There are 2 protein chains.
Amino acid sequence: MKTKPISVVIADSQYLIRLGLRHLFEGQSRINVVDDATRSDELMEAVLEHSPDVVIFDHDKPSHFKMEDISAVKRISPHTNFLIISSDDKKESIFRVLQEGSLSFLTKECDEEEIISAVIATSKGEKFLCNKVIDVILDKHVAKEEQTCAPTNLTTRELEIVKLTAQGLSAGKVADQLYLSPHTVYTHRKNIMKKLGVNSASELIVYAINNGL
Amino acid sequence: MKTKPISVVIADSQYLIRLGLRHLFEGQSRINVVDDATRSDELMEAVLEHSPDVVIFDHDKPSHFKMEDISAVKRISPHTNFLIISSDDKKESIFRVLQEGSLSFLTKECDEEEIISAVIATSKGEKFLCNKVIDVILDKHVAKEEQTCAPTNLTTRELEIVKLTAQGLSAGKVADQLYLSPHTVYTHRKNIMKKLGVNSASELIVYAINNGL
DNA sequence: CACTTATTTGGAATTAATCTAAATAACAAA
DNA sequence: TTTGTTATTTAGATTAATTCCAAATAAGTG
């Protein structure tokens, strides 16, 4: 009971990378490289002809490939999934290609084992991100959390009020919720806004949400 | 040239989970379960005795384990890495345990292959997050695009007003910005709130931010 | 105790927002 | 063209929300 091998198109401007990947997959009966491409138009042709399970893609050279190629390919071959193997590990790039519709992202430092696992996962429609990429993604979030802690000169009561306010409750509603006079809430809010350097309740909401409160 | 097996302590309040994991690792010569624990104090004892490479941990039952256990263990045995296998896949929980110092996170839906890969990666000090967890982490960024499209019954003018409002501007400021009467802004806002089903300008801001406008 | 900080509140004045009602423009359908 | 729909704009009267000013209370610290 042998399953069909995973068909792969390699889209990378660098010859040595293509060679290396082909060599790597030769030892893998589950993975079958059906074509490769050095530019966007070649990629489109290859996808139209083979409708591969996975495209291994590097957007690093804008003269050869663009990030938009990902969504373009997905339009003409929706079942095709993308595995990015790129040395471009900038945060923006990672989010960008994931938004364009690629599932997986490895950097060029990743080893054979990781690449093969990634191709298999990607062909099944699963995400696969290597450690370095996960670090970059988490960085953003974990760093954000800490920022949350930093500007908390706020007292416990003030924090309560920020949280409720950031849920869209009016001062009156917040007062009801906490069994306080609306005036109390106004005073707290005034102090909070002073501490956080914002000028209106609306800005306070924006601030609170953007800082994860 | 055989490498030393990876020593694992299982910390989970549920007997069946512990049994299942032990059974799973029995077929793996590279992984050796040295002890298990049902509560924090048992975990500390086990770690002191064995100083394991990996602790498989579920913080789901606060009466048995707490998230702080992770950093506590790391203090007495710094080389020990944590793999969380928990059904608690809330975003906050995931970030929390990662901040506490655990490297990896699987949900209880993950299969054998994924668990074993995760144990091996974790023992080497690498991160391993399963698809579901990555989805949760990415959700904020990637889901943005799709949610943005859905609730746009809004006219272009209405969208302009939502955007400015969601930046914390008052109706008057928005009116100035767009060279309109404040009344116009109020009317638009009323219509927008009706369309989106929210009851106040504050809720509108919350809604707008959470839907990426 | 004196001092600071957090918390609470009210009355008066001000500002923002809602309700009601309607005019104008654009645009497609009859 | 006329009719109807939708988007856009606005004002007056009314109501609700907020700010300003001033201060009382409670808790904790030196």
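So that the names make sense, note that chain A is the first sequence line, chain B the second, and so on, each numbered from 1. Every value quoted in this text rests on a predicted model; they were computed, and no experiment measured them. What's counted below: heavy atoms across the whole structure, side chains too, no hydrogens, waters or symmetry copies.
Checking C:dT20, D:dT8, C:dA17 against every side-chain atom of B:Lys190, the shortest atom distance belongs to C:dT20. Listed nucleotides: D:dT8, C:dA17, C:dT18. Nearest to the side chain of B:His188: D:dT8.
For residues 168-192 of chain B, there are no salt bridge (Lys or Arg N to Asp or Glu O under 4.0 Å) pairs, not counting sequence neighbours. Evaluation of the side-chain hydrogen bond (donor to acceptor under 3.5 Å, both in side chains) test over residues 56-80 of chain B, restricted to residues two or more places apart or in two chains, returns B:Ser40-B:Asp69, B:Ser51-B:Ser77, B:Asp53-B:His79, B:Asp58-B:Ser86, B:Asp58-B:Lys108, B:His59-B:Asp88, B:Asp60-B:Ser87, B:Glu68-B:Arg96, B:Ser71-B:Glu100, B:Lys74-B:Asn81, B:Ser77-B:Thr80. For residues 162-192 of chain B, there are no ring-ring contact (aromatic ring centres under 6.0 Å, His included) pairs, not counting sequence neighbours.
D:dT18 atom C1' lies 9 Å from atom CE of A:Met193, rounded to whole Å. Rounded to whole Å, the distance from CD on A:Glu158 to P on C:dA6 is 7 Å. Atom NZ of A:Lys195 is separated from atom P of C:dT5 by 10 Å (rounded to the nearest Å). Rounded to an integer number of Å, the gap from CZ of B:Arg189 to P of D:dA16 is 17 Å. At whole-Å resolution of the value, CD1 in A:Ile161 and C1' in C:dT8 are 10 Å apart. Between the CG atom of B:Asn191 and the P atom of D:dT9 there is a distance of 12 Å, given to the nearest Å. Rounded to whole Å, the distance from CG on A:Leu159 to C1' on C:dA6 is 13 Å. Rounded to whole Å, the distance from CD1 on A:Ile192 to C1' on D:dT18 is 15 Å.
Comparing the axis of the opening five pairs of the helix from C:dC1-D:dG30 to C:dA30-D:dT1 with that of the closing five pairs yields an angle of 30°, rounded to 10°.
B:Arg157 has its side chain out of reach of B:Asn191: every pair of non-hydrogen atoms, C-beta onward, lies at least 4.5 Å apart.
For A:Ser200, no side-chain nitrogen or oxygen approaches OP1 or OP2 of D:dT18 to under 4.0 Å. In terms of phosphate contacts, A:Thr156 brings no side-chain nitrogen or oxygen within less than 4.0 Å of OP1 or OP2 of C:dA6.
Checked by atom type and distance alone, the side chain of B:Glu158 pairs as donor or acceptor with a backbone atom of B:Thr155 at under 3.5 Å.
Considering only residues two or more places apart in sequence or on other chains, A:Phe65 meets the ring pair (Phe, Tyr, Trp, His ring centres under 6.0 Å) condition with A:Phe57.
Contacts between residues 174-187 of chain A and DNA chain C, counted as heavy-atom distances below 4.0 Å, involve A:Leu180, A:Ser181, A:His183, A:Thr184, A:Thr187.
The pair B:Lys163-B:Glu160 fails the salt-bridge criterion, with no side-chain N (NZ, NE, NH1 or NH2) lying under 4.0 Å from an Asp/Glu carboxylate O.
Using a 3.5 Å distance cut-off with no hydrogens or angles, the side chains of B:Ser104 and B:Thr122 do pair a donor with an acceptor.
Note that CG of A:Leu178 and CD1 of A:Ile161 are 6.0 Å apart. Values are rounded to the nearest 0.5 Å.
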